[in-house]
S.K.: 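Got a structure for you, questions after.
Below, each value reflects all heavy atoms present in this structure, side chains not excepted, and no hydrogens, waters or symmetry copies. In this text the structure is predicted, and so the values were computed from the model without any measurement. Starting from 1, each residue takes its place in the sequence as its number.
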Amino acid sequence: MNVYKTHVTDSVLGISINDTTLDLFESQYPVPTGVSYNSYLIRDSKTAVLDTVDARATDAWLEALEAELDGAAPDYLIVSHVEPDHSANVARLAAKYPAMQVVGNAKTFAYLENFFPGAIAAGRKVMVKDGDTLELGSHTLHFVFAPMVHWPEVMVSYESSEKILFSADGFGRFGVVADGDSFDNWVEDSRRYFLNIVGKYGPQVQALLKKAAALDIAQICPLHGPVLKGDLTGYLHLYDTWSSYKPEAPAEILVASASIHGHTLAAARTMAEKLRAAGAKVIEIDLCRTDVSYAVAEAFRCGKMVLACATYDGFLFPPMETFLTHLKTKNFQNRIAGLMENGMWAPMAAKLMTASLTGMKGITLCEHIVSIHGAVKASTEAQMDALASEIMARCAAAD
């Protein structure tokens, strides 16, 4: 763990605890470059702390916060989001500073009571509604409710004097906060973060973006990842793209395979080369050796995909089934898909993939299906050529 402080303005400080010891965020998403837990401090006539951090980061965060407070007590703790990686220290901070008031909405306090029964007395609760404000002196926080981005109680705070949006989990990113953070090194980890964690709730994010469009925002302070500043157009454009389920790269094709002994993988590679030879840009993912969160991010990024899967015990080989399940739960939609199956006897993969994909909104399936019985043969090559031609024709039609 290490502490990184961001001087957002002269009055606003970001305190990030960089956790490089965590292997799986939310016990499922690999974070090879770690993750940050962010808290913010506003100094004015009244002092406000915006959110706490994960229990893993308690000691480092409290030490850094106490050093910044320099013996003073905060007047308010704003709770934007009750998920444990942000609320784990609410009760501890409340106990340490008994005069501090805790600011949240009705759902905030209901959920906090589930985690910390009796920790916050009724007289210490400042219950806010959508559109309410909190005066700190020269700074004013405007509370904007953002339900299901990505929990029901979530609210963001807009500080109007310095034009800062405290965005809760919105605009978050995997990876630690460090010098040199920029848009270029924000996109990939943010895409994987958003689509896997918030992706299901596109309409709710769209609603929040509409509210944010009415605000004059100079900086965005998320609960994970760096503070965003400067030209925010690129960040906002990507959030609009991701939350409206549009591909970033409509012409690019993801070829994802789930292969038992390597023959299906070899066929997928051959298909990828055929598509490249026809002029397509292709991304290949071996679902057996790539964490599904990366595959989900690529599926959303690309406009088309080819899925190649072996039949296993009469069902889909599990890595493909897992991938399709994740796509469905994240509301994957509006893409073109081609199918390849492999089965020495009774191949079922194409039928099962079709059933899964037709349960998703706006998925167009190619008419040509490649059916392999073991290894690729001349007859299989002809099927692959037909599927490649159909995909390229659909790409041209989409353009």
Side-chain angles (χ1 to χ4, degrees), residues 245 247-260 262-290 292 294-312 316-328 332-343 347-360 362-377 379-399:
Y245 305 109
E248 289 174 65
E252 292 190 31
I253 304 169
L254 169 66
V255 176
S257 61
S259 181
I260 304 169
H263 296 92
T264 306
L265 176 62
R269 287 174 174 167
T270 299
M271 173 57 76
E273 289 308 314
K274 288 179 180 292
L275 291 167
R276 289 191 182 103
K281 184 172 181 180
V282 180
I283 307 300
E284 296 180 62
I285 287 185
D286 178 355
L287 295 172
C288 301
R289 291 166 178 81
T290 304
V292 68
Y294 293 92
V296 166
E298 281 301 311
F300 273 92
R301 192 184 67 80
C302 297
K304 288 89 181 169
M305 65 182 182
V306 176
L307 305 182
C309 185
T311 303
Y312 189 77
L316 293 175
F317 193 40
M320 180 61 74
E321 186 172 15
T322 298
F323 175 54
L324 290 170
T325 298
H326 276 71
L327 288 182
K328 186 172 184 178
F332 184 72
Q333 58 187 261
N334 302 327
R335 300 295 194 278
I336 293 170
L339 303 180
M340 301 172 63
E341 67 174 0
N342 198 348
M348 291 290 293
K351 179 180 178 180
L352 293 168
M353 288 190 288
T354 296
S356 181
L357 289 164
T358 53
M360 303 178 203
I363 302 298
T364 301
L365 293 173
C366 292
E367 294 179 6
H368 293 89
I369 294 175
V370 177
S371 190
I372 309 163
H373 300 276
V376 172
K377 298 179 279 294
S379 59
T380 315
E381 289 266 7
Q383 295 176 44
M384 294 168 72
D385 288 337
L387 177 57
S389 295
E390 181 180 354
I391 292 172
M392 295 306 297
R394 289 182 181 276
C395 287
D399 292 343

S.K.: Just how far is it from atom OG1 of T364 to atom NZ of K304, taken to the nearest 0.5 Å?
M.R.: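 The distance works out to 10.5 Å.
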S.K.: Test your reading of the model: is there a side-chain donor-acceptor pair from K281 to the backbone of I253, 3.5 Å cut-off?
M.R.: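 No.
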S.K.: What heavy-atom pair brings G374 and H263 nearest, and what distance separates the two atoms?
M.R.: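 That would be O-CB, 3.3 Å.
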S.K.: Search all heavy atoms of C395 against all heavy atoms of A251 and return the closest pair with its distance.
M.R.: SG-O, 4.4 Å
S.K.: Return the minimal non-hydrogen interatomic distance between F317 and C288, and the atom names on each side.
M.R.: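 Looking at all heavy atoms of both residues, the closest pair is CE2-SG, 3.6 Å.
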S.K.: Please walk me through it: do V370 and V306 pass side-chain contact (heavy atoms from CB on, under 4.5 Å)?
M.R.: CA-CA 10 Å; V370 177; V306 176; over 6 Å; no
S.K.: What distance separates S257 OG from E284 CD, expressed to the nearest 0.5 Å?
M.R.: 8.0 Å
S.K.: Side chains of T264 and I372: closer than 4.5 Å at any heavy-atom pair?
M.R.: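 Counting from C-beta outward, T264 and I372 never come under 4.5 Å.
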S.K.: Give the minimum heavy-atom separation between A295 and L254, together with the two atoms involved.
M.R.: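 So the two residues come closest at O-CD2, 4.2 Å.
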S.K.: Between E248 and R301, does any NZ, NE, NH1 or NH2 come within less than 4.0 Å of an OD or OE carboxylate oxygen?
M.R.: no
S.K.: Report the distance from atom CE of M271 to atom CD of Q383, rounding to the nearest 0.5 Å.
M.R.: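 It comes to 9.5 Å.
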S.K.: Can a donor-acceptor pair be found, under 3.5 Å and without considering hydrogens, that links the side chain of K377 to the backbone of A375?
M.R.: yes
S.K.: Crowded around Y312 OH? As in, over 12 foreign heavy atoms under 6.0 Å?
M.R.: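 No, OH of Y312 has 12 or fewer neighbouring heavy atoms, counting only those of other groups under 6.0 Å.
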S.K.: Which pair of heavy atoms, one from H373 and one from P347, lies closest together, and at what distance?
M.R.: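 Looking at all heavy atoms of both residues, the closest pair is CE1-CG, 3.8 Å.
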S.K.: Taking the side chain as every heavy atom from C-beta outward, state whether M340 and M384 have any atom pair closer than 4.5 Å.
M.R.: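 Result yes, sub-4.5 Å side-chain heavy-atom pair found.
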S.K.: For F323 and A256, which heavy atoms make the closest approach, and how far apart are they?
M.R.: CE2-CB, 4.4 Å
S.K.: What is the distance from atom CE of M353 to atom OG1 of T311, rounded to the nearest 0.5 Å?
M.R.: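 Separation between the atoms: 8.0 Å.
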S.K.: Do M392 and L275 come close enough that some side-chain heavy atom pair is under 4.5 Å?
M.R.: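 Yes. Closest side-chain heavy atoms under 4.5 Å.
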S.K.: Using side-chain heavy atoms (C-beta onward) and a distance below 4.5 Å, is S356 in contact with K328?
M.R.: no
S.K.: Which distance, rounded to the nearest 0.5 Å, do you find between the SG of C366 and the CG of L387?
M.R.: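 Reported to 0.5 Å precision, the distance equals 5.5 Å.
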S.K.: Pick one: which of I363, L327, I336, V255 meets side chain to side chain contact (heavy atoms under 4.5 Å, CB included) with M305?
M.R.: L327
S.K.: For residues T270 and K274, determine if any side-chain heavy atom of one lies less than 4.5 Å from a side-chain heavy atom of the other.
M.R.: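 Side chain of T270 against side chain of K274, heavy atoms only: contact under 4.5 Å found.
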S.K.: Just by distance, do the side chain of T290 and the backbone of L287 share a donor-acceptor pair under 3.5 Å?
M.R.: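 Checking the backbone N and O of L287 against the side chain of T290, no donor-acceptor pair under 3.5 Å is found.
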S.K.: For the pair Y245 and F300, name the ring-plane relationship: parallel under 30°, tilted 30 to 60°, perpendicular over 60°.
M.R.: tilted
S.K.: Distance check, rounded to the nearest 0.5 Å: C309 atom SG versus M348 atom CE?
M.R.: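 It comes to 12.0 Å.
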S.K.: Is there a side-chain contact between L324 and L352 in this structure, where contact means two heavy atoms from C-beta onward sitting under 4.5 Å apart?
M.R.: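 In short, these two side chains do not touch, never coming nearer than 4.5 Å.
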S.K.: Hey, are E390 and R394 close enough for a salt bridge, meaning a charged N less than 4.0 Å from a carboxylate O?
M.R.: yes
